[in-house]
> 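Handing you this structure, nothing more for now.
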Number of protein chains: 2
Amino acid sequence: MLTTLESHKYLRQHSIKPSVQRTAVMDYLMNNRTHPTIDEIYLALCPNMPTLSKTTVYNTLDIFVERGAVRALVIDEKNARYDIDVSAHAHFICRSCGKVHDIFNLKSELFEFPKLSRFSINAVEISYSGICDKCKGN
Amino acid sequence: MLTTLESHKYLRQHSIKPSVQRTAVMDYLMNNRTHPTIDEIYLALCPNMPTLSKTTVYNTLDIFVERGAVRALVIDEKNARYDIDVSAHAHFICRSCGKVHDIFNLKSELFEFPKLSRFSINAVEISYSGICDKCKGN
DNA sequence: TTCTATCTTTGTATTCATTACATTTTAATT
DNA sequence: AATTAAAATGTAATGAATACAAAGATAGAA
C-alpha cells in the first residue's frame with residue numbers, strides 16, 4: 001500500500017527530483033485514483049505535513065504534467081483534476097455529484113489522432129457526462 | 001448575413017423567449033463560429049448595446065445551454081466556450097494561441113456512448129490538443 | 001388603458017481557483 | 001563551513017463565475 005519507493009522510482013524516471021513534498025503528492029496520486037483536485041490533495045496531505053503550502057501543490061503538479069508523469073484533465077469546469085494514469089482511457093463526469101470516473105476498455109481507434117494538415121495533434125481527451133448510479137438513486 | 005429572423009425562429013424552437021439581448025447573443029453565435037467566451041461575446045456586443053450587462057450574457061448562455069440550443073465546451077482551462085453547432089463533431093485547441101477549431105467528418109462511431117451499467121451517459125466531448133499551423137510558423 | 005404578476009435585465013458584491021512574486025528554506029557541491 | 005542552485009512557502013493579485021437585490025420590460029386580465 002505504501003508506495004514511497006515506487007514514487008521515487010517513478011519520479012526519477014521522469015527526471016523529477018523526489019523531494020519530500022513531491023513524494024507525498026505522488027504517493028497520494030498513486031493511492032487515490034479519484035482524479036483529485038489541487039484542493040483535495042492539499043487537504044489530504046495537510047494533517048501529516050502541516051507546513052505544506054498550496055502553492056507547492058500547484059508547482060508540483062505543474063512539473064508532473066510538464067514531465068509527462070501525470071495527466072491534467074479538463075473535464076470539470078470548476079477545477080483542474082489530475083490523473084496518475086497516463087495511458088489511453090476515457091472519463092465520465094457525473095453532472096450531479098461531480099465525481100470523475102475512468103472508462104477503460106474502449107476501442108483503441110477512439111484514441112487515434114485524425115491526420116489533419118492544419119494542426120499537429122499530440123493529445124486527445126474523451127469525456128462522457130451524465131448521471132452516475134449513486135445519484136440516480138439505485 | 002443578418003440572421004435575426006433565423007435567431008428568433010431558432011430561439012422559439014427551443015422555447016426561449018427572444019428578447020433583444022438574447023437575439024443579439026444568438027445572432028453573434030450564428031455569425032461567429034469561433035467558440036467564443038462570455039467575455040468575447042460581451043465585448044463584441046457592447047458597442048451596439050451600451051447598457052448590456054455581463055451578467056445578462058451569463059444568464060443568456062445558461063438558458064441556451066439548458067434548452068439545448070447551444071453547447072458549452074469544457075476544453076479551455078481558462079474560460080467556458082460556447083458552440084452554436086450542437087451536432088456531433090470534435091474540437092481542437094491550440095496550446096499556443098488558445099483558439100478552438102471544429103473537427104468534422106470523423107467516424108460517427110467515435111460519438112457513440114459506451115453501454116455501461118454504472119452510468120447514464122448523455123453527452124460526449126472529444127477534444128484534441130496540440131499546435132496549430134499558424135503558431136508553428138507556416 | 002391600467003393594473004398586476006411574471007419574466008428579464010442590470011449592477012454590485014462575493015466567492016474561489018489560479019497565478020505572480022518575493023522571501024525563506026533545503027539540498028548539493030566545493 | 002561557504003557558496004550556489006533548486007525547491008518550498010506565504011501573501012497578494014487576478015479574473016471567471018456566482019449570488020442577489022433592485023430596476024425595468026412584457027403579457028394578460030380587468
Side-chain angles (χ1 to χ4, degrees), chain A residues 7-8 11-12 14-28 35-67 69-82 93 95 98 100, chain B residues 7-8 11-12 14-28 35-67 69-82 93 95 98 100:
Chain A
S7 293
H8 274 211
L11 289 171
R12 289 221 190 74
H14 290 87
S15 314
I16 300 164
K17 209 192 285 182
S19 71
V20 175
Q21 291 84 350
R22 289 169 179 178
T23 304
V25 172
M26 186 51 76
D27 280 357
Y28 182 82
H35 318 92
T37 64
I38 291 284
D39 213 55
E40 285 166 356
I41 298 168
Y42 173 71
L43 291 174
L45 299 183
C46 261
N48 296 318
M49 298 185 80
T51 69
L52 181 66
S53 161
K54 200 182 275 191
T55 303
T56 299
V57 183
Y58 274 101
N59 292 341
T60 299
L61 282 146
D62 283 351
I63 196 176
F64 286 3
V65 171
E66 194 186 303
R67 302 280 161 88
V70 160
R71 220 170 114 187
L73 303 184
V74 183
I75 184 173
D76 173 352
E77 55 263 36
K78 303 281 180 195
N79 325 288
R81 292 180 169 276
Y82 297 91
I93 184 165
R95 289 256 155 78
V100 174
Chain B
S7 292
H8 275 211
L11 290 171
R12 289 219 190 75
H14 291 87
S15 312
I16 300 165
K17 210 190 287 182
S19 71
V20 175
Q21 291 83 349
R22 289 169 180 177
T23 304
V25 171
M26 186 51 76
D27 280 357
Y28 182 82
H35 318 92
T37 64
I38 291 285
D39 213 56
E40 285 165 357
I41 298 168
Y42 173 70
L43 291 174
L45 299 182
C46 262
N48 296 316
M49 298 186 80
T51 68
L52 181 66
S53 162
K54 200 182 277 191
T55 303
T56 299
V57 182
Y58 274 101
N59 292 341
T60 300
L61 281 147
D62 283 350
I63 197 178
F64 286 3
V65 170
E66 193 186 305
R67 301 280 160 88
V70 159
R71 220 169 114 187
L73 303 184
V74 183
I75 184 173
D76 173 352
E77 57 263 34
K78 303 280 180 195
N79 324 288
R81 292 181 168 274
Y82 297 91
I93 184 166
R95 289 255 157 78
V100 175

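Proteins get letters first, then strands, A, B, ... in listed order; numbering begins at 1 in each. Please read all numbers here as calculations on a predicted model, not as lab measurements.
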> Of all nucleotides in DNA chain C that come within under 4.0 Å of a heavy atom of chain B, which is furthest toward the 5' end and which toward the 3' end?
C:dC7 to C:dT19
> Quick one: which residue pairs count as a salt bridge (Lys or Arg N to Asp or Glu O under 4.0 Å) with a foot in residues 16-25 of chain A, not counting sequence neighbours?
none
> Would you give the length of the straight line joining atom CZ of A:R12 to atom OG of A:S7, rounded to the nearest 0.5 angstrom?
11.0 Å
> With a 4.5 Å limit on heavy-atom distance, are the side chains of A:M26 and A:I16 in contact?
no
> For A:S15 and A:R67, which heavy atoms make the closest approach, and how far apart are they?
O-NH1, 2.6 Å
> Could you list, one pair per line, each protein nitrogen or oxygen that sits under 3.5 Å from a nitrogen or oxygen of nucleotides 3-7 of chain D, together with the distance?
unit_1: D:dA7; atom_1: OP1; unit_2: A:R22; atom_2: NH1; d: 3.0
unit_1: D:dA7; atom_1: O5'; unit_2: A:R22; atom_2: NH2; d: 3.4

> Which of these passes side chain to side chain contact (heavy atoms under 4.5 Å, CB included) with B:Q21: B:L52, B:V57, B:T51?
B:L52
> Along nucleotides 10-25 of chain D, 5' to 3', which nucleotides get a B, which get an S, and which get a -, given that the test is a protein heavy-atom distance under 4.0 Å?
BB----SBBBB-----
> Please examine the side chains of B:F64 and B:L61, heavy atoms only from C-beta on, and report whether any two atoms are closer than 4.5 Å.
yes
> Show me the side-chain donor-acceptor pairs of residues 71-82 of chain A shorter than 3.5 Å, one per line, residues at least two apart or across chains.
unit_1: A:R71; atom_1: NH1; unit_2: A:S87; atom_2: O; d: 3.3
unit_1: A:D76; atom_1: OD1; unit_2: A:K78; atom_2: N; d: 2.8
unit_1: A:D76; atom_1: OD2; unit_2: A:R81; atom_2: NE; d: 3.0
unit_1: A:D76; atom_1: OD2; unit_2: A:R81; atom_2: NH2; d: 3.4
unit_1: A:R81; atom_1: NH1; unit_2: A:H35; atom_2: O; d: 2.7

> When the side chains of residues 37-46 of chain B are checked against the rest of the protein, which donor-acceptor pairs come out under 3.5 Å, sequence neighbours left out?
unit_1: B:T37; atom_1: OG1; unit_2: B:E40; atom_2: N; d: 3.1
unit_1: B:D39; atom_1: OD1; unit_2: B:K54; atom_2: NZ; d: 2.4
unit_1: B:E40; atom_1: OE1; unit_2: B:T37; atom_2: N; d: 3.1

> Any idea which heavy atoms bring B:M49 and B:A24 closest together, and the distance?
SD-CB, 3.7 Å
